[in-house]
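Take a look at the structure below.
Nothing fancy with the numbering, it's 1 onward along the sequence.
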Amino acid sequence: QNHSTESQTIAESLCAILFLEESTPRQVFTEFLVARKAAIQRLFHTSEQAASIKTQICSIASILISTVVQIDTVFNDPNQSDTKCLLVEVIARNSSEATAPPHFLPSWSASLSNNVLHSSCEEWMSTCLQDVTNGLQILLGYITSVKSLTSIRDAVYALLRSQSVFVSNRSDKLSDWQTACLAVVGRRISIWDEFVRPLVVKRIEKITSERFAVLTEEAKRSTKNALERVVESPIDRDVASFIWSEASDGEASLRCQARGCTPLIREICQDVDSHLDRIGADVGIFLDDPDSPESDGDSTRPAFREEDVPFDCLADGVHLRTLVHTQSCRFINTWTQWIETQIASMHDEVLYYGADHAGLVQGVDAVDRCLFLGRLCHSLPNESANLHRLTSGISQESKGSTSKRSGSL
């Protein structure tokens with residue numbers, strides 16, 4: 001189960017099992033796959049939870065990489081030629097040095113056929129994919145920020161790059177990893193795209209959706225609280241006095257006064273803007289290329305080469321920008337629809353109290369609250385730059401970045 005064991009040691013161990021249990025190469029090959037599957041499953045057990053999720057995912061990737069490469073080295077005969085696989089070579093060497101029952105020698109020296117190798121490995125990959133999917137869905141559920149998911153992506157990226165297990169964009173340059181994949185599975189394999197990326201993107205979608213849901217409820221609650229406070233706040237109620245009062249905070253305060261953006265309105269707008277800024281910044285981290293010098297502050301690092309990248313870190317850029325854009329629009333639509341229901345309720349309140357002179361005060365209060373909501377809607381686009389940025393379109397460039405591969409919000 002130790003994926004870091006050298007191929008020579010694995011072949012010798014399997015040879016010993018084969019001799020002791022009078023097995024065949026196909027049987028020990030099956031045992032090898034079962035052991036590696038168990039190694040992956042063990043990473044999701046409670047006893048392994050002390051390790052970070054990032055470490056667990058990198059360990060899974062390492063097991064997948066080493067297993068495929070070792071299968072190619074230990075079990076695969078290239079083109080069924082005279083060159084035998086490592087296991088058969090070890091069996092032959094040990095058979096010549098030991099007294100072996102003659103009728104077992106043919107089965108010991110027989111290599112696995114390509115069909116058996118491909119079908120067994122493809123089945124193993126499919127089973128592992130299901131196990132990894134089930135396990136990672138649980139592990140990623142504990143992650144509550146896109147920044148942490150970005151850290152996982154970058155760790156997998158660094159692992160694949162350090163082991164040169166990626167496919168080059170150049171047709172004349174193929175890594176040992178992909179050569180092994182073609183040999184034992186019959187196709188190229190992307191560990192990130194097939195095993196990790198779909199689950200990470202799904203988790204980003206859920207985190208972002210949950211944050212916008214929280215923002216929607218907080219915006220409603222802060223607006224409701226402001227409606228209760230406005231009738232007790234002369235500066236928020238008497239807009240004419242507010243506009244003509246002396247500005248205390250310089251030009252910014254003067255602009256707010258000119259627009260009738262009273263302190264309560266400004267407080268709500270700033271709170272919303274702050275929430276949107278955090279959401280946009282968190283998702284934006286995932287849209288930064290780890291190969292860009294700007295992403296880690298190392299401006300002296302040489303520029304990336306397309307043939308050197310393990311996978312496209314920005315493949316989900318358009319999808320995630322669209323996600324944030326859609327969620328932002330949904331948030332503002334939900335909030336303004338709620339405001340409309342409040343205004344309709346106040347309209348009914350004005351009509352009710354307006355018919356009775358005794359209820360004149362309540363009617364005036366309702367009018368002031370209604371006007372407050374109108375000023376809030378009018379001020380929001382100007383006071384929340386992030387709302388305007390996230391709902392007006394999808395940015396294609398990172399703020400202040402010159403990297404052509406950078407894709408931050």
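The backbone N or O of V116 sits less than 3.5 Å from a side-chain atom of S119, completing a donor-acceptor pair. A donor-acceptor pair under 3.5 Å is formed between the side chain of D273 and the backbone N or O of A385. Not one N or O on the side chain of E383 forms a donor-acceptor pair closer than 3.5 Å with the backbone of C269. Using a distance-only test at 3.5 Å, with no hydrogens or angles considered, no donor-acceptor pair links the side chain of H388 to the main chain of P381. Using modelled atom types, one side-chain atom of S66 and one backbone atom of I63 make a donor-acceptor pair closer than 3.5 Å. Remark: the backbone N or O of Q130 is paired with a side-chain donor or acceptor of N134 at under 3.5 angstrom. A donor-acceptor pair under 3.5 Å links the side-chain atoms of D236 to the main chain of L264, judged by distance alone. T150 contributes a side-chain N or O that, together with a main-chain N or O of V146, makes up a donor-acceptor pair within less than 3.5 Å. Side-chain N or O atoms of R375 include none that pairs as donor or acceptor with a backbone N or O of I265 at under 3.5 Å. Between the side chain of R153 and the backbone N or O of F286 there is at least one donor-acceptor pair closer than 3.5 Å.
Using a 4.0 Å cut-off between charged nitrogen and carboxylate oxygen, R229 and E267 count as a salt-bridge pair. One finds no salt bridge joining E228 and R369 here, because no Lys/Arg side-chain nitrogen approaches an Asp/Glu carboxylate oxygen to under 4.0 Å.
Around the CD atom of E123, the shell of radius 6.0 Å holds no more than 12 heavy atoms that belong to other residues, nucleotides or ligands.
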Applying side-chain contact (heavy atoms from CB on, under 4.5 Å) to K206 and R203, what does each step give before you reach the verdict?
CA-CA 5 Å; K206 187 169 181 60; R203 184 58 187 159; 3.4 Å; yes
Between V283 and R321, does a side-chain contact (heavy atoms from CB on, under 4.5 Å) hold up when you go through it step by step?
CA-CA 8 Å; V283 177; R321 292 189 197 96; over 6 Å; no
May I have the step-by-step check of side-chain contact (heavy atoms from CB on, under 4.5 Å) for V230 and D365, ending in yes or no?
CA-CA 9 Å; V230 70; D365 289 347; over 6 Å; no
CA sep, side-chain torsions, deciding dist, call: L390, H325, side-chain contact (heavy atoms from CB on, under 4.5 Å)
CA-CA 5 Å; L390 298 179; H325 170 72; over 6 Å; no
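Side-chain polar atoms of R211 and Q327 form no donor-acceptor pair below 3.5 angstrom. With 3.5 Å as the limit, one finds no donor-acceptor pair spanning the side chains of S151 and S148. A donor and an acceptor atom, one from each side chain of Q8 and E12, are located under 3.5 Å apart. R278 and S274 share a side-chain donor-acceptor pair at under 3.5 Å. For N333 and R330, the side-chain atoms include no donor-acceptor pair closer than 3.5 Å. Judged purely by distance below 3.5 Å, without hydrogens or angles, the side chains of T223 and W335 pair a donor atom with an acceptor atom.
Taking every heavy atom of both residues into account, T67 and R36 meet most closely at OG1-NH1, 2.9 Å. Here the closest heavy-atom approach between residue K37 and residue T127 is recorded as NZ-CG2, 3.1 Å. Across all non-hydrogen atoms, the minimal contact from L136 to F44 is N-CE2, 3.8 Å. Among all heavy-atom pairs drawn from L117 and A183, the shortest one is CD2-O, 4.1 Å. Of all heavy-atom pairs between C370 and M346, the closest is N-SD, 3.5 Å. Of all heavy-atom pairs spanning I332 and L380, the tightest one is CD1-CD2, 3.4 Å.
Here the side chains of T30 and S120 are not in contact, with every heavy-atom distance at 4.5 Å or above. Counting only heavy atoms from C-beta outward, the side chains of I343 and I339 approach each other to under 4.5 Å. V324 is not listed as a side-chain neighbour of L320, based on a closest heavy-atom distance of 4.5 Å or more. Put simply, the side chain of N76 does not reach to within 4.5 Å of the side chain of I71, judged on heavy atoms. Looking only at side-chain heavy atoms (C-beta outward), R26 and F75 stay at 4.5 Å or farther from each other. With contacts defined as side-chain heavy-atom distances shorter than 4.5 Å, the pair I57/F195 does not qualify. Between Q70 and F32 there is a side-chain heavy-atom pair separated by less than 4.5 Å. A heavy-atom distance below 4.5 Å is found between the side chains of L149 and I207.
W124 CH2 to D131 CG: the interatomic distance, rounded to the nearest 0.5 Å, is 10.0 Å. Of the inter-residue distances, the one linking I191 atom CD1 with C181 atom SG reads 7.5 Å to the nearest 0.5 angstrom. Atom CG of L373 sits about 14.5 Å away from atom NE2 of H378, to the nearest 0.5 Å. How far CD1 of I204 is from NZ of K202: 13.5 Å, rounded to the nearest 0.5 Å. K54 NZ to D154 CG: the interatomic distance, rounded to the nearest 0.5 Å, is 8.5 Å. Residue E210 holds its CD atom at 11.5 Å from CD1 of I279, rounded to the nearest 0.5 Å.
Classified by interplanar angle (parallel below 30°, tilted 30° to 60°, perpendicular above 60°), the ring pair W192/F311 is parallel.
Judged as a salt bridge (charged side-chain N to carboxylate O under 4.0 Å, His left out), and not counting sequence neighbours, the contacts of D368 are R237.
In summary, of the residues considered (L227, I268, V272), a side chain to side chain contact (heavy atoms under 4.5 Å, CB included) with S222 occurs for I268 alone.
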